[in-house]
Amino acid sequence: MGGSLGCHRSIPRDPTDFSGGKRKFSAACNFSNILVNQERLNINTATEEELMTLPGVSRAVAQNIVEYRDCIGGFKKVEDLALVSGVGATKLEAIKLEICVSSRTSSSQHSPSSLRKDLEPCTGININTATPAQLMSIRGMTEKIVKNIVAYRTEHGPFRSIEDLVRVNHINSSLLDRIRFQVFVVRSRAPSTNTNGGQARMHPSPTSFSLRSEDLDLPPGGPTQILSTRPNVEPSPSLRDGRPVVRVATWSLQACSCDKANNPGVKEVVCMTLLENDIKLLAVQDLLDREALEKFCVELNQGTLGSVRRWRQPRGLWKSIVSENPSTHVDAAVTYSGFLWDSSAGIDLKNAVILDSGVVSGNQLYPRLYLARFLVGSSELTLVNVHLQAAGESNSNHRGADEARRQLLPPSIQETLKGGKELLLLGNFGCGPQSSELDLLRKEKFCALVPSTQFTNISTRSPQGNRCLDNIWLSRSLKKIYSGHCMVVREGLTNPWIPDNWSWGGVASDHCPIVAELFIEPSFKDLSRTSVAGVERGDDFPKHER
């Protein structure tokens, strides 16, 4: 979600790190919520810096542990750590007595043997960081109780345990028992004012966010008192040169899981970027969970966030679809691709299929491309959703071998390119448009809308980016309906609620949305259709739409 919640400076190790069997940490870090069972380190919730306090665990190994943990959804037992690259049986034996595995709500009174049992990762809502809208989603909660929880949290600080909820007005033991399994408590450490080896960040945020997180004393558990500031945008024209237009976009959401999609900052960035830039059809890549895309769809339709509710123009009626099978394999993880569209704009899905090209040929890995046919007005457009792995994107220890097996366009795509007339290829190509690896597209007379000199990545350290990875390629027949307007969205991509290393205000994704504008001819149905100002999510979507 725009960066891991961990600082980028090493915690020095010295003989005083252990005293009386207890671990000592820097006073700048509050790890009390991680240590259980006489100061054992819970490897299911520990950050990179906390893992680096273990003997022989370097930053690279700590990163591998965190990434592997995210891929499998949490360690089931301590011995699973041996499967992580850089750990192995020998290193595990050296640190075995200092670590444990438990869910975030496990009691600190558990014995070492009980901590080795298979435990499911914690699910539910963290009452220390949840917004009022999220608290309202808990069965049994009323608006009055939610207000009391927020007021208590503001006055007394974060809850230490779930049992502390009985201190809140109108919550008794009976209600607590009903909601106990829907909530959990994690007391987040206070954000640091520095990142990257203790160097203070001197650069501006790449958005119109007016207050930087390092300038503020953020409350525990997240910047609950900070309101995001969206950029001032000019309403997009519904007509260009007297002809109606529609905006199509692509956006790699960078390892988007359900947890990431539920982050209020990520959700606001994605939904408001679509609304502010009048994007009606979006191709999405790098979804870790198939259900993640539906989170944004529901928010656009229901409007629980303040900024979405206050949107003065019609929000539309949004639908989504995600590939049934994984489209890309990155290290040990599989990711999915999907589409999100506003059906009130005259856009209807005809069909979608994942092209069966995810095969291995020699030492070459090929991804599966996700193809969808849409009716946009009276025209039919075929969109091919592309997610290729960039060179050096892998984090494994065998990076050289991975780069040799870099994912490129599969040879079978040539049939699709030749057979499709109104065809767009859009997504993360892993390289610039001038790369020889994309010669196949140029051979078929496809045109890239984003030049290699225009960067499509973003971070708080590099607001203007330094690589051109994402693009939209048009077939020759589609060039005649291209309005000539294409943009890389760089504003409004950060939010105070998104972690940025050991601070807040990170980006929702390292990739920027790419938007292209196409001329369309409205259908007869569209001419008689009225705008939808604000709608509730319907339950009558076709089965193939989520």
Side-chain angles (χ1 to χ4, degrees), residues 2-3 203 205-207 247-256 269-270 273 277 279 282-286 327-328 330 335 337 366-367 369-370 383-395 399 402-403 406-410 413 417 423-476 478-479 482-494 506-518:
H203 54 271
S205 171
T207 183
R247 288 188 170 182
V248 179
T250 179
W251 199 353
S252 175
L253 291 182
Q254 192 190 7
C256 187
V269 167
V270 173
T273 297
N277 295 280
I279 297 170
L282 177 69
V284 178
Q285 304 87 42
D286 208 359
S327 57
T328 306
V330 180
T335 66
S337 298
Y366 293 117
L369 306 179
Y370 192 38
L383 277 64
V384 180
N385 201 332
V386 179
H387 181 200
L388 307 183
Q389 182 177 340
E393 185 176 322
S394 172
N395 290 313
R399 178 167 294 178
D402 285 338
E403 290 182 4
R406 178 179 172 183
Q407 297 175 325
L408 304 176
L409 289 172
I413 194 179
L417 299 181
L423 193 65
L424 294 91
L425 274 76
L426 65 179
N428 176 12
F429 290 83
C431 58
Q434 301 304 318
S435 173
S436 60
E437 292 145 1
L438 301 179
D439 285 343
L440 181 61
L441 300 183
R442 282 183 287 273
K443 180 181 177 182
E444 297 299 330
K445 307 300 182 183
F446 276 73
C447 173
L449 301 187
V450 180
S452 57
T453 55
Q454 190 169 6
F455 303 138
T456 64
N457 66 321
I458 190 172
S459 70
T460 54
R461 290 166 184 76
S462 180
Q464 300 307 316
N466 54 18
R467 305 181 72 185
C468 182
L469 303 176
D470 309 86
N471 221 316
I472 297 177
W473 291 72
L474 296 181
S475 63
R476 180 167 52 181
L478 274 184
K479 294 177 186 177
Y482 173 49
S483 72
H485 287 78
C486 178
M487 62 180 177
V488 178
V489 179
R490 310 198 75 88
E491 293 295 315
L493 302 184
T494 68
V507 293
S509 170
D510 286 349
H511 298 258
C512 297
I514 313 300
V515 184
E517 198 175 76
L518 304 176

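Numbering starts at 1 and runs along the sequence shown.
- Between L449 and Y482, the closest side-chain pair of non-hydrogen atoms falls below 4.5 Å.
- Rounded to the nearest 0.5 angstrom, Q454 CD and I514 CD1 are separated by 7.0 Å.
- Remark: side-chain polar atoms of S337 are not paired, donor with acceptor, to backbone N or O of S327 under 3.5 angstrom.
- Partners of E517 under the side chain to side chain donor-acceptor pair (under 3.5 Å) rule, at least two apart in sequence or in another chain, are R240, R247, S483.
- A pairwise comparison of heavy atoms in V488 and F455 identifies CG1-O, 3.8 Å as the closest pair.
- In this structure, the separation between CG on L253 and CG on L282 is 7.0 Å, given to the nearest 0.5 Å.
- For the pair F429 and L388, the tightest heavy-atom approach, listed with the atom from each and the gap, is O-CD1, 3.4 Å.
- Contact between L438 and G432 at its shortest, heavy atoms only, is CD1-O, 3.7 Å.
- Using a 4.5 Å cut-off on side-chain heavy atoms (C-beta onward), S509 and L493 make no contact.
- Within the 3.5 Å criterion, the main-chain N or O of C512 finds no donor-acceptor partner in the side chain of R490.
- Qualifying side-chain contact (heavy atoms from CB on, under 4.5 Å) partners for A283, counting only residues two or more places apart in sequence or in other chains: T250, Q285, F339, N385, L426.
- Side-chain atoms of N277 and P513, non-hydrogen and from C-beta on, never get closer than 4.5 Å to each other.
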request  = Verify side-chain contact (heavy atoms from CB on, under 4.5 Å) between V489 and W251, making sure each step is shown before the conclusion.
outcome  = CA-CA 10 Å; V489 179; W251 199 353; over 6 Å; no
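- Atom CD of Q464 is separated from atom CD1 of I458 by 7.5 Å, given to the nearest 0.5 angstrom.
- Shortest non-hydrogen contact noted between V269 and A508 is CG1-CB, 3.7 Å.
- To the nearest 0.5 Å, atom CG of residue L478 and atom SG of residue C447 are 11.0 Å apart.
- With sequence neighbours left out, D470 forms a side chain to side chain donor-acceptor pair (under 3.5 Å) with T456, H511.
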Sequence neighbours left out, cut at 3.5 Å: what donor-acceptor pairs do the side chains of residues 439-446 make with other protein atoms?
unit_1: D439; atom_1: OD1; unit_2: R442; atom_2: NH2; d: 2.7
unit_1: R442; atom_1: NH1; unit_2: P433; atom_2: O; d: 2.3
unit_1: R442; atom_1: NH2; unit_2: S435; atom_2: O; d: 2.6

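- Considering only residues two or more places apart in sequence or on other chains, N457 meets the side chain to side chain donor-acceptor pair (under 3.5 Å) condition with N466.
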inquiry  = Could you walk me through whether N428 and V386 satisfy the side-chain contact (heavy atoms from CB on, under 4.5 Å) test, starting with their C-alpha distance in whole Å, then the side-chain angles of each, then the deciding distance to 0.1 Å, before giving a yes or no?
reply    = CA-CA 6 Å; N428 176 12; V386 179; over 6 Å; no
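- The distance from the CG atom of L423 to the CZ atom of R476 is 13.0 Å, given to the nearest 0.5 Å.
- For the pair T273 and G492, the tightest heavy-atom approach, listed with the atom from each and the gap, is OG1-O, 4.0 Å.
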